[in-house]
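Note that ligands are numbered from 1 as they come in the structure, with each ligand's atoms numbered from 1 the same way. All residue numbers in this chain count up from 1 along the given sequence. Note: hydrogens, waters and symmetry copies are ignored here, and every other heavy atom, side chains too, is used.
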Amino acid sequence: MTDDLHRRLPPDFVWGVATAAFQIEGAAHADGKGESIWDRFCRVPGAIADASNGDVACDHYHRVDADLDLVASLGVDAYRFSVSWPRVLPRGQGDWNEAGLAFYDRLVDGLLARGIRPYLTLNHWDLPQALQDRGGWAARDTLQHFVDYARGIQRRLGDRLAAITTHNEPWVIAMLGHDQGNFAPGIQDKAVAMQVAHHLLVSHGLALQALRADGAKAPLGIVLNLGAAAAATDSPEDLARMRLDDARGRRWYTDALFKGQYPAEVLAELGAAAPRVEAGDMATIATPMDYLGVNYYTRVVSSAGEPFDVKTSGLPLTDMGWEVYPQGLTELLLSLKRDYPELPPVYVTENGAAFPDTLVDGRVHDAARLRYLQDHIAAAADARDAGVPLAGYMVWSLLDNFEWSSGYAKRFGIVHVDYATQQRTPKDSALWLRDLMQRVRQRRATTA
Ligand code: FCB
């Protein structure tokens with residue numbers, strides 16, 4: 001059943017759409033913006049599949065008012081976006097760039113004027129290159145620069161925000177950025193990656209403490225990318241591997257955040273690549289959060305032997321080659337509730353899918369994406385029914401945009417973007433979400 005989704009979640013459930021600065025803003029060199037590590041990484045030959053970059057992207061920086069009208073037309077409650085750190089602090093520290101701050105003022109005020117709640121993320125990957133030049137997230141100094149940045153953003157915008165997220169997906173920054181090296185800054189060093197993972201978490205805790213000391217009004221949290229744990233077979237070897245992968249990818253972050261410790265089995269296998277942990281770090285990481293954001297796209301199938309081939313699973317695959325596995329969202333959320341009974345409110349802060357869309361006569365019939373969203377919202381509702389404190393759900397993404405090392409070829413938007421003209425066209429999935437939001441609002445009106 002998908003036409004009862006508006007009834008399966010409570011009237012105060014927060015419905016939203018999500019974006020990130022580097023993926024949509026463009027204006028990479030406008031109005032005093034500094035260089036980010038992604039601006040630099042896009043120049044590395046072969047780094048981006050279509051050799052593209054974020055210079056123009058969706059040109060959201062220059063089209064913010066029309067884009068906010070678009071968000072409003074969907075009728076959603078919330079808009080999740082990120083601040084480009086180098087746009088407001090071109091060198092990562094020191095002098096603020098007033099033009100950059102003014103842009104986010106305008107964005108936040110524009111959301112509030114349209115009745116949409118701003119969910120702000122401080123770090124959605126576009127670290128100022130000036131800080132990378134001084135060691136980036138591997139350098140302990142960066143933690144204090146992040147705290148200063150967080151405090152400045154709260155000073156300027158904090159009274160108008162619905163939430164402040166410190167980091168988006170620390171696993172991706174650490175592992176893809178510093179171990180596999182296929183994301184900025186393109187480093188391939190396991191020990192560095194684990195130090196980065198640790199520093200991201202410590203800086204998260206330090207920022208929470210500083211923002212609260214400054215009188216934070218907005219709820220504070222972090223966003224993790226988490227898959228559902230699965231094993232290729234029921235063999236003891238595959239199941240053991242599944243538990244280890246789950247400890248590496250999920251519990252490394254959630255045990256640290258909710259228990260103040262790293263999983264012993266991961267520390268043991270890391271050996272000399274384990275991060276340097278200073279006294280007090282683990283308690284800092286475990287600073288209580290007001291909410292946890294979860295980005296869910298697919299499951300992770302573990303195998304002790306040859307890597308699992310998703311093409312053999314029989315599940316539909318998205319354009320990213322990711323399995324469509326909605327019940328994994330239920331399983332994942334239940335695993336969080338099981339492992340951390342004191343779980344704060346949880347938001348699904350990203351969920352969505354890339355499919356090869358075609359624009360014909362002003363329409364995009366993205367039936368597969370629409371179905372994906374319906375099935376995942378239903379799976380989220382199942383988790384809520386089973387006791388998970390689920391507070392909201394946000395679609396990734398509002399717009400087709402720059403999908404990191406995949407460039408512009410992968411389209412995650414519920415709104416199609418013609419990159420030659422910057423024309424926006426709501427896909428069928430957007431029209432469906434708009435109808436769902438209408439039913440949500442009617443129900444709120446009758447239950448008020
Ligand atoms: C997540 C990122 C987001 C987007 C989606 C598809 O890992 O947070 O920016 O690229 O994946």
J.: Mind jotting down which residue pairs meet the side-chain hydrogen bond (donor to acceptor under 3.5 Å, both in side chains) criterion with at least one end in residues 138-153? Sequence neighbours excluded, please.
T.: R140-D281, Q144-D148, R151-D214
J.: If I compare all heavy atoms of P275 with all of H198, which pair ends up nearest, and what's the gap?
T.: CB-CB, 3.8 Å
J.: If you draw the axis of the six-membered ring of Y347, does the NZ or CZ of R80 fall within 45° of it and under 6.0 Å from the ring centre?
T.: no
J.: Identify whether NZ of Lys or CZ of Arg in R369 sits under 6.0 Å from the centre of the six-membered ring of F355 and within 45° of that ring's axis.
T.: no
J.: Residue by residue, ordered by chain and number, which ones reach under 4.0 Å of ligand 1 with a heavy atom?
T.: Q23, H124, W125, N168, E169, N295, Y297, E350, W396, E403, W404, F412
J.: Are the side chains of R248 and L244 in contact, using a 4.5 Å heavy-atom criterion?
T.: yes
J.: Among K259, R250, R251, find the residue that satisfies the salt bridge (Lys or Arg N to Asp or Glu O under 4.0 Å) test when tested with D339.
T.: R250
